[in-house]
S.K.: 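Structure incoming, see below.
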Amino acid sequence: MNSIEIILFIVAVVGVIALGIWKSRDEAGAETNASDYFLAGRGLTWWLVGFSLIAANISTEQFVGMSGSSANWLGMAIASYEWIAAVTLVIVAFWFLPRFLKAGLYTIPEFLEYRFDAVARFTMAIPAIVTLVFVATSSVIFSGAKFISEYYNTVPVLNNLTAMCWLIAIFAAVYVFVGGLKACAWTDLIWGAALILGGIVVLAFAMSALSDRPAEDLIQTKVANSSATVADLERAGAWERLMLLNDGKNGEAVARNGDNLSGGKMHMVRPKEDSDIPWTALLIGLWIPNLFYWGLNQYIVQRTLGSKSLAEGQKGIVFAAFLKLIIPFVVVIPGILAFNLFSGDLQKGAQSSNQTIIEKGGQSAVYKVNTEFVKLEPALAATVFAANAKAAGGQVDLPADATAEQIAAQINAFASKAGNSAGDLKGYDYDAAFPVLVRNLIKPHPLISWFVLAALCGAVISSLASMLNSASTIAAIDLYSKATGVTDSTKLVFVGRMFVVIFVILAALIAPQLSNFASIFSYIQEFQGFISSGILGVFIFGFFSPRTPRWFGMIGIVTNIVSYGALKWVFGPMIVEKGWWYAKEMAFLDRMAICFTLVMLIGAIVTILKPLAKPVILPVNDQIELTTSSGAKVVGFVVVVLTIALYAVFW
């Protein structure tokens, strides 16, 4: 562990956090006002809003989860979450934010009470808190701990995932406990810029390593339908090597459904059979989590609710939209490069994880596997096959020429029949892609590594603090205040801080368990599906249909939770098994699209059959300037055009 790196890292992180806390108190001392603590006094300028949106969003959740997904078969396609988000932000700036600021909201569930009823507000608030604490917050703690433990994989304590989860959780809790949203916004200004610059540094080092790596080593990681040869790689520069390995000659390697390396990885459009992002999801499914996340997620929207004016908020949002176009180049492409450069390290990481799982579960326990595990660990796969078959009470004699995919499918069939799987065994630890890249390329340069490390760890703490602040805001304003009738600002801030402590303990207890999931990014998106489609559908009727019955707010959200669960565990598998679906499984984005359509259909029917006698009139906040920014409109249009161009290039 390099002492220079550690000293500079600690000074940077502590210094930026101290700046944030100082700026949060420099105008009127300690926060005694709920608006100060929860919404930064509604005084955020556009540059604070913009950088805060990016820093809150781009944390190790992306650098670990999204890079891991791109290292796997998804490749460039995972960038759709970023580039569609750019267009989504433009929509939020001009269609969502004006309505929220006009109503003078503290929280997003608050809008549902104004438009529908208190039951709808409560129905959204509970799942929102559950999702923030048990999904978003716990996953950020896990991904941050994953990065540190992988980066310092030879240093005692620092290489312990559970210890790092608790350390990060405590650090962030203290930070948000003291400073509130204003502290988050000011530190986000630093971390947002540092994250992008740090990502560029990592990308530059990775491209340099790719150009220097022997072609004989790189050829082992090319996709199956690339005809590139060692000679082609020897003649190529860094970018051309990347394309030859992952897209073939002249883009010949089309995207194919299957395991990593089965098809091209530089395409935004995946086959309709893809289990994560089929092209069908680009039509409806992918827009749902984006519109929910950027427009209705308290954790993100809370920054825009704290804007000084509508114009400042809109300028900040479209600025963030422009920055989103850059993110795939510093997150997604490095993930692809990590597999090309260090696939062996990713395999070793999986072996270590598998060993831990087996030591905990025992040799005779039931395990699930993926195809890569069967290919890379045939002897261990045979042992698991026998153990699973015995536990399931059956035996299948596979043909001698059975493929790894067939063997993996049978092992998992036995596991499903036996139940109580002790864990998933993997061939590669894809979530370690970015940490491995940084450890191998950046760590040897302590005068640079401290900056990258501080940017990533600072982003973890900042994102975590923001999530805790948002969860505590909903708990204090939407639950405690409504249940008790307490409106005193000092009391609400105190209660909010108590909720911060409770929530961080719960999230830190859950976080270490997330190592059992194949992809942290998929875990996050999957569980958002239970609420995002329904909430989005309800808000659309709330925005544009003033005569929709008030009771639809609760009905729409509950319908989505029930229907999504039914599709995930009952009807989805049944439909696939009967051959009524076009793929081997129903992607979670397709489930979102189906549930969203159902909620919209129910909303339309009840509006036609039981319209309100009088349209709902929403409250008006006359304390904020609501003039739209013409400059933001121009930048928003440019962002949409650039997004279309990027899709055309990487189609």
S.K.: Tell me, do L210 and L242 make a side-chain contact under 4.5 Å, heavy atoms counted?
M.R.: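 Of all side-chain heavy-atom pairs linking L242 with L210, at least one is under 4.5 Å.
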S.K.: When rounded to the nearest 0.5 angstrom, what distance separates CH2 in W73 from CD1 in I277?
M.R.: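 Going from CH2 on W73 over to CD1 on I277, the span is 9.0 Å.
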S.K.: Sub-3.5 Å donor-acceptor pair from the side chain of S472 to the main-chain atoms of N469, do we have one?
M.R.: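 Yes; at least one donor-acceptor contact below 3.5 Å.
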S.K.: In Å and rounded to the nearest 0.5 Å, what is the OG to CD distance from S449 to E5?
M.R.: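 The distance works out to 3.5 Å.
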S.K.: Establish, yes or no, whether a centroid distance under 6.0 Å links the rings of F451 and F9.
M.R.: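 Ring centres of F9 and F451 not closer than 6.0 Å.
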S.K.: Counting only N and O atoms by type, is there a donor-acceptor contact under 3.5 Å from the side chain of K222 to the main-chain atoms of A228?
M.R.: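 The answer is yes, because a donor-acceptor pair under 3.5 Å joins these two groups.
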S.K.: Looking at every non-hydrogen atom in both residues, tell me the closest pair between P328 and P334 and how far apart they are.
M.R.: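 Taking P328 first and P334 second, the nearest heavy atoms are O-CD, 4.4 Å.
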S.K.: Let's go through V269 and F650 carefully: what are the C-alpha distance in whole Å and the side-chain angles of both, what is the deciding distance for side-chain contact (heavy atoms from CB on, under 4.5 Å) to 0.1 Å, and is it a yes or a no?
M.R.: CA-CA 8 Å; V269 178; F650 291 98; over 6 Å; no
S.K.: Within the 4.5 Å heavy-atom criterion, are L646 and M268 side-chain neighbours or not?
M.R.: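 They are not in contact (no side-chain heavy atoms under 4.5 Å apart), so the answer is no.
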S.K.: Could you tell me whether a side-chain N or O of H267 sits under 3.5 Å from a main-chain N or O of A253, the two making a donor and an acceptor?
M.R.: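 Present.
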S.K.: What closest approach, in Å, do T162 and P512 show between heavy atoms, and which atom pair accounts for it?
M.R.: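 Where T162 meets P512 most closely, the heavy atoms are OG1-CB, 3.8 Å.
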S.K.: Side chains of L453 and K443, heavy atoms from C-beta outward: is any pair under 4.5 Å?
M.R.: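 No, side chains not in contact.
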S.K.: Answer yes or no: is there a donor N or O on one side and an acceptor on the other, between the side chain of S70 and the main chain of V332, under 3.5 Å?
M.R.: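 Checking the backbone N and O of V332 against the side chain of S70, a donor-acceptor pair under 3.5 Å is found.
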S.K.: Ring centres of W46 and F319 under 6.0 Å apart?
M.R.: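 They qualify: ring centres under 6.0 Å apart.
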S.K.: Could you tell me whether the side chain of S226 and the main chain of L244 form a donor-acceptor pair under 3.5 Å?
M.R.: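 Judged by distance alone, yes, a pair lies under 3.5 Å.
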S.K.: Between N370 and D424, is there a side-chain donor-acceptor contact under 3.5 Å, judged purely by atom types and distance?
M.R.: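 Their side chains do not contain a donor-acceptor pair, so the 3.5 Å distance test is not met.
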S.K.: Quick one: pull up OG1 in T304 and CD1 in I317 and give me the separation to the nearest 0.5 Å.
M.R.: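 Result: 5.0 Å between the selected atoms.
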S.K.: Do L158 and M164 have side chains that get closer than 4.5 Å, going by heavy atoms?
M.R.: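 Counting from C-beta outward, L158 and M164 do come under 4.5 Å.
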S.K.: Distance-only, no hydrogens or angles: does the R270 side chain make a donor-acceptor pair with backbone N or O of A255 under 3.5 Å?
M.R.: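 Not at all, since once roles are kept as given, no pair shorter than 3.5 Å links the two residues.
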S.K.: Taking the side chain as every heavy atom from C-beta outward, state whether L132 and S470 have any pair of such atoms under 4.5 Å apart.
M.R.: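 L132 reaches S470 side chain to side chain.
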S.K.: Less than 4.5 Å apart, side chain to side chain, heavy atoms only: is that true for R439 and D345?
M.R.: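 Touching, per the 4.5 Å side-chain cut-off.
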S.K.: Run the side-chain contact (heavy atoms from CB on, under 4.5 Å) test on Y428 and N72 for me, step by step, so that the C-alpha distance in whole Å, both residues' side-chain angles and the decisive distance to 0.1 Å come before the verdict.
M.R.: CA-CA 9 Å; Y428 293 104; N72 203 344; over 6 Å; no
S.K.: Could you check whether any side-chain N or O of N354 sits under 3.5 Å from a backbone N or O of A350, counting only pairs where one atom can act as donor and the other as acceptor?
M.R.: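 Between the backbone of A350 and the side chain of N354 there is a qualifying donor-acceptor contact (under 3.5 Å).
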S.K.: Give the C-alpha distance, both sets of side-chain angles, the deciding distance and a yes or no for side-chain contact (heavy atoms from CB on, under 4.5 Å) between I333 and M76.
M.R.: CA-CA 7 Å; I333 290 180; M76 201 66 190; 4.0 Å; yes
S.K.: What's the shortest heavy-atom distance between C165 and A511, and which atoms?
M.R.: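 Distance-wise, the nearest heavy atoms are SG-CB, 3.8 Å.
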S.K.: For side-chain hydrogen bond (donor to acceptor under 3.5 Å, both in side chains), just list the numbers for S149 and N159, CA-CA rounded to whole Å, side-chain angles, deciding distance to a tenth of an Å, and then say yes or no.
M.R.: CA-CA 4 Å; S149 61; N159 64 359; over 6 Å; no
S.K.: Please list all pairs meeting side chain to side chain donor-acceptor pair (under 3.5 Å) that have one or both residues in residues 319-329, counting only residues at least two apart or in different chains.
M.R.: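 For residues 319-329: N57-K324, E82-K324.
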S.K.: Rounded at 0.5 Å granularity, tell me how far CD1 in I336 sits from OG1 in T221.
M.R.: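 Going from CD1 on I336 over to OG1 on T221, the span is 11.5 Å.
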S.K.: Can the ring centroids of Y293 and Y81 be said to lie less than 6.0 angstrom from one another?
M.R.: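 Ring-ring flag for Y293/Y81: false, centres at least 6.0 Å apart.
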S.K.: What do the steps show when you test T473 against Q298 for side-chain hydrogen bond (donor to acceptor under 3.5 Å, both in side chains), and what is the final call?
M.R.: CA-CA 9 Å; T473 301; Q298 181 72 24; 5.0 Å; no
S.K.: So, taking the atom named CD1 in I148 and the one named CG in N160, what distance separates them when rounded to the nearest 0.5 Å?
M.R.: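 Reported value, rounded in 0.5 Å steps: 12.0 Å.
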S.K.: Heavy atoms only: give me the nearest S629-K315 pair and the separation to one decimal.
M.R.: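 Where S629 meets K315 most closely, the heavy atoms are OG-CG, 3.5 Å.
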S.K.: Going by the angle between their ring planes, with limits at 30° and 60°, are Y647 and W651 parallel, tilted or perpendicular?
M.R.: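 Perpendicular: the ring planes of Y647 and W651 meet at over 60°.
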S.K.: Starting from the C-alpha separation in whole Å, work towards a yes-or-no answer on side-chain hydrogen bond (donor to acceptor under 3.5 Å, both in side chains) for K265 and N260.
M.R.: CA-CA 9 Å; K265 297 170 65 173; N260 196 11; 3.1 Å; yes
S.K.: Under the rule for ring pair (Phe, Tyr, Trp, His ring centres under 6.0 Å), what residues qualify as partners of F205, not counting sequence neighbours?
M.R.: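 Applying ring pair (Phe, Tyr, Trp, His ring centres under 6.0 Å) to F205 gives H445.
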S.K.: Determine whether a donor-acceptor pair (N or O, by modelled atom type, separation under 3.5 Å) exists between the side chain of R303 and the backbone of V49.
M.R.: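 No; judged by distance alone, with no hydrogens or angles, the pair does not exist.
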S.K.: State whether the number of non-hydrogen atoms from other residues, nucleotides or ligands found under 6.0 Å of F322 atom CZ is greater than 12.
M.R.: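 Open: at most 12 neighbouring heavy atoms sit under 6.0 Å from CZ of F322.
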S.K.: With side-chain contact (heavy atoms from CB on, under 4.5 Å) as the criterion, how do L197 and V330 come out once you've worked through the C-alpha distance, each side chain's angles and the decisive distance to 0.1 Å?
M.R.: CA-CA 9 Å; L197 183 56; V330 298; over 6 Å; no
S.K.: Parallel under 30°, tilted from 30 to 60°, perpendicular over 60°: which one fits the rings of F329 and W83?
M.R.: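 F329 and W83: tilted rings.
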S.K.: Over all heavy atoms of both residues, which pair between G349 and D429 is shortest? Give the atoms and the distance, please.
M.R.: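 Here G349 and D429 meet closest at C-CB, 3.9 Å.
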S.K.: Please confirm whether the backbone N or O of T45 pairs with a side-chain atom of E312, one donor and one acceptor, at under 3.5 Å?
M.R.: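 No, E312 side chain to T45 backbone: no donor-acceptor pair under 3.5 Å.
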S.K.: Can a donor-acceptor pair be found, under 3.5 Å and without considering hydrogens, that links the side chain of D274 to the backbone of D276?
M.R.: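 It does hold such a pair.
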S.K.: Heavy atoms only: give me the nearest A93-V318 pair and the separation to one decimal.
M.R.: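 Shortest heavy-atom separation between A93 and V318 comes out as CB-CG1, 4.3 Å.
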S.K.: Assess K348 against F342: is NZ or CZ under 6.0 Å from the centre of the six-membered ring, and within 45 degrees of the ring's axis?
M.R.: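 Relative to the ring axis of F342, which defines the angle, K348 lies outside at least one limit.
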S.K.: Quick one, E372 and Q347 - any side-chain contact, counting heavy atoms below 4.5 Å?
M.R.: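 Answer no - side chains too far apart.
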S.K.: Heavy-atom distance under 4.5 Å between the side chains of L509 and W166, does that happen here?
M.R.: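 When only atoms from C-beta onward are counted, W166 and L509 do touch, with a gap below 4.5 Å.
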S.K.: Which of these, V135, V140, I141, sits in a side-chain contact (heavy atoms from CB on, under 4.5 Å) with T137?
M.R.: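 It is I141; the other options fail the test.
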S.K.: Could you state the interatomic distance from CD1 (I190) to CG (L195), rounded to the nearest 0.5 Å?
M.R.: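 Separation between the atoms: 11.5 Å.
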